[in-house]
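Worksheet: the structure to be examined is printed underneath.
Proteins get letters first, then strands, A, B, ... in listed order; numbering begins at 1 in each.
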Amino acid sequence: MNNFELLAELLLPDIDKKPEYYENLYPARNLPEGARVTRIAPSPTGYLHLGTLFAALVNRITATSTNGVFYTRIEDTDKKREIEGGIEDIIDGLDRFGISIDEGFVSGNEQKGEYGPYQQSYRGEIYQTYVKELIRQGLAYPCFCTSNELEAVRKEQEANKIRTGYHGKWAKHRDITYEEAKALIEQGKSFVVRLKSPGNEENKIVFDDAIKGKIEMPENDEDFVLLKSDGIPTYHFAHAVDDHLMRTTHVLRGDEWISSVPKHIQLFKILGFKPPKYGHISPIMKLDNGAKRKISKRKDPEAAVHFFAEQGYDSECVIDYLMTIAASDFEDWRRCSPDASYKSFKFNLKKMSVSGALFDEVKLIDVSKNRVSKLSSGELYEKITAWAKEFDKDFYSILTKNPQYSKAVFAIDRDGVAKPRKDIAKFSEAKDYFSYLFEELYVPCFQLPENINSYDAKAFLEKYKTVYSADDDRQEWFNKIKTIAPMLNFAAETKEYKANPDAFKGHAGDLSTVLRMAITGRRNTPDLCSIMQVLGKDECIKRIDNVIISL
RNA sequence: GGCCCGGUGGUCAAGAGGCCUAAGACACCGCCCUUUCACGGCGGUAACACGAGUUCGAAUCUCGUCCGGGUCACCA
């Protein structure tokens, strides 16, 4: 055995398989021409956040639109930062947003597919097999530097204004011999395995990013770490091995990875793999004190996707909003296909924005209002009760006490209406919005409109009571108010009043405001006639009487 | 600091040398419709970061400046 082979046996004595074993175990996928295999590879170091959801969406729709495969893989190689329940939160979160998963982790504790395991902490032997082969070929080597030593080197480089890093003559253990390594190991020293980079910083590599286009960068010459001292691979190495073995065709990930591409391409070449097509997604930004910055899990509540659930944004609305960021022509498409699933949208990576978009909740609200307005009362009832069950128990019990009544409430200005209202963007607004329609929530708060005195208000309500009928349709309902108007010197028609404002105290509309106030305690509401029908005669009379007494 | 990427109204953006007197959407303002509000309709304010080139002609191509973002770990 030569020096390299001895080294390989010394470092990884338990590895007895060869790469060919895995190449055969995970054969090329049998997919139609043009099908793209994409993935999302989250690390369970936190909860599902907007950036991950966005990346998942882009990957999902890329696979869908090419009849490809979208899979999930858990990158849990950093055991120190891992949090409990991270996997469940991310995978189940994707499901809540309707991002279906073809392969890999399909729920918090269930994986499927032929290319697994889909969790890096269970793939140690695979990575080590490839590393061992690299060492055997003299393309990787053990490094015994401590973090203090590395830090010292970095300081020296900085002091001399030299590019920092473990490269060239700074790569201390690059040419370590078997004997040297053996001695250090016998002393109990721990080591990492580094790539013996064949790169030269003077050379340029060029690659065509699926989103950003042509990018040119210096070749990697850094002997970066492949295997950490605990035998677990770094992201870079795991990425190369996994995406090759899982036969990923397109790696669509956050653009913070762009600067690592030279490392990745180099690795694929050295390992004899065909590199995937890369596409780097611009981050979603946030305005912070006038400065744009990447949205942050720590600082921004909306970065954690739980924010949207708590607020009661419908998951479909959030996805639609995200699609408007992902594709500039999505909004036009949506206008033409209001009821279609976003999945049938013809998505094109090349059309994605190359600069990061600011997260705009105002726009989200607009998207949501449009979608929520299209829901039937039954659908709204399902969604709101589901939300309330989790986030507002009190409201939940009110809504479910009498489902028929609740649905009737939601049907106001909704079912069978050509242009439904767009008042509700998120379900947390519903409680206040409908409060006067539920006795548990209703708080009487009559206020006299400023252009009407209490005598007229009282007179109007008293007269109205005598003619009011719960069966009146909209037309008849308003006719009755119009009939009363002249008796109090109010114009029956608004036009009449506008033509001659000095001749009247106001118009029928002003009087309806009094009624509206008496019934709902608000100046602005959906159609009052419908509200009164839902409330029922007894309740309406009761509310009117209470106001009359107070006047 | 080195290396990348980017810069069109407040926001998202269309734009591939003449179709640009720069589209559309959100937001904002006004008017109309109207039982209030909302919806809807009509209209309005508002942008090519700056400077040099190339060209008959530049938002578009080149260079420089400035500004913003990302990245330089045994984190992903």
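A distance of about 8 Å separates the C1' atoms of A22(B) and C48(B), rounded to the whole Å. Spacing of P atoms, C42(B) relative to A47(B), comes out at 24 Å, to the nearest Å. To the nearest whole angstrom, the two C1' atoms, one in U45(B) and one in G9(B), are 10 Å apart. With both ends at atom P, the span from C31(B) to A13(B) equals 33 Å, rounded to whole Å. The gap from the P atom of C37(B) to that of C28(B) amounts to 16 Å, rounded to the nearest Å. Distance check on atom C1': A14(B) versus A59(B) gives 12 Å, rounded to whole Å. To the nearest whole angstrom, the two P atoms, one in A58(B) and one in G10(B), are 25 Å apart. For C61(B) and G43(B), the P atoms lie 33 Å apart once the distance is rounded to whole Å.
Comparing atom distances between the S229(A) side chain and each of A76(B), A25(B), C74(B) picks out C74(B) as nearest. Counting only heavy atoms from C-beta on, S43(A) has its side chain closest to A76(B) among C3(B), C5(B), A76(B). Checked against A25(B), C5(B), C26(B), the side chain of D366(A) finds its nearest nucleotide in C26(B). Ranking A14(B), G69(B), C5(B) by closeness to the K212(A) side chain, first place goes to C5(B). Comparing C3(B), G70(B), A25(B) against the side chain of K294(A) picks out G70(B) as the nearest. Proximity note for L358(A) (side chain, C-beta onward) versus C12(B), A14(B), G70(B): the nearest is C12(B).
Side-chain nitrogen and oxygen atoms of S259(A) include none within less than 4.0 Å of the OP1 or OP2 phosphate oxygen of C4(B). Considering only side-chain N and O atoms, R194(A) lies under 4.0 angstrom from the phosphate OP1 or OP2 of C74(B). Contact check, S282(A) against G69(B): no side-chain N or O comes under 4.0 Å of OP1 or OP2.
Using a 30° and 60° split on the angle between ring planes, H264(A) and W257(A) fall in the tilted class, from 30° to 60°.
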Starting at the 5' end of nucleotides 28-39 of chain B, put B wherever the base has a protein heavy atom under 4.0 Å, S where only the sugar-phosphate does, and a dash everywhere else. ------BBBBBB

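I258(A) comes within contact range of the sugar-phosphate backbone alone, with a heavy-atom separation under 4.0 Å but no base atom that close. Counting non-hydrogen atoms under 4.0 angstrom, T77(A) reaches the backbone sugars and phosphates but no base. Counting any heavy atom pair closer than 4.0 Å across all strands shown, V192(A) reaches a base atom. Contact annotation for S353(A): backbone-only contact, meaning every heavy-atom pair under 4.0 Å involves sugar-phosphate atoms and none involves a base. Using a 4.0 Å heavy-atom distance criterion, R335(A) is classed as a sugar-phosphate-only contact. Here I215(A) lies in heavy-atom contact (under 4.0 Å) with sugar-phosphate atoms only.
Nearest-nucleotide assignment on RNA chain B puts the 5′-proximal partner with E216(A), out of E216(A) and G356(A). Remark on RNA chain B: of its neighbouring residues S355(A) and T146(A), the 5'-side contact belongs to S355(A), judged by nearest-heavy-atom nucleotide.
Checked for salt-bridge contact, K363(A) and E331(A) meet the test: a charged N lies under 4.0 Å from a carboxylate O.
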Pair F490(A)-F504(A), ring pair (Phe, Tyr, Trp, His ring centres under 6.0 Å): steps then yes or no: CA-CA 5 Å; F490(A) 279 68; F504(A) 302 97; 8.8 Å; no

Set out, in order, the CA-CA distance, both residues' side-chain angles and the distance that settles side-chain hydrogen bond (donor to acceptor under 3.5 Å, both in side chains) for R516(A) and T525(A), then state yes or no. CA-CA 8 Å; R516(A) 187 182 311 280; T525(A) 72; 2.7 Å; yes

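A 6.0 Å sphere centred on NZ of K214(A) holds no more than 12 heavy atoms belonging to other residues, nucleotides or ligands.
The residue from V318(A), D320(A), T324(A) that alone fulfils the side-chain contact (heavy atoms from CB on, under 4.5 Å) condition with L322(A) is V318(A).
Atoms CE and CD1, from M352(A) and I325(A) in turn, are 9.0 Å apart once rounded to the nearest 0.5 Å.
Figure legend: R194(A) and Y166(A) shown as a cation-pi pair, the cationic atom lying under 6.0 angstrom from the six-membered ring centre and within 45 degrees of its axis.
Across all strands shown, nothing is found opposite C37(B) as a Watson-Crick or G-U wobble partner with both distances under 3.5 Å.
The closest donor-acceptor contact from the side chain of D76(A) to the backbone of S121(A) lies under 3.5 Å.
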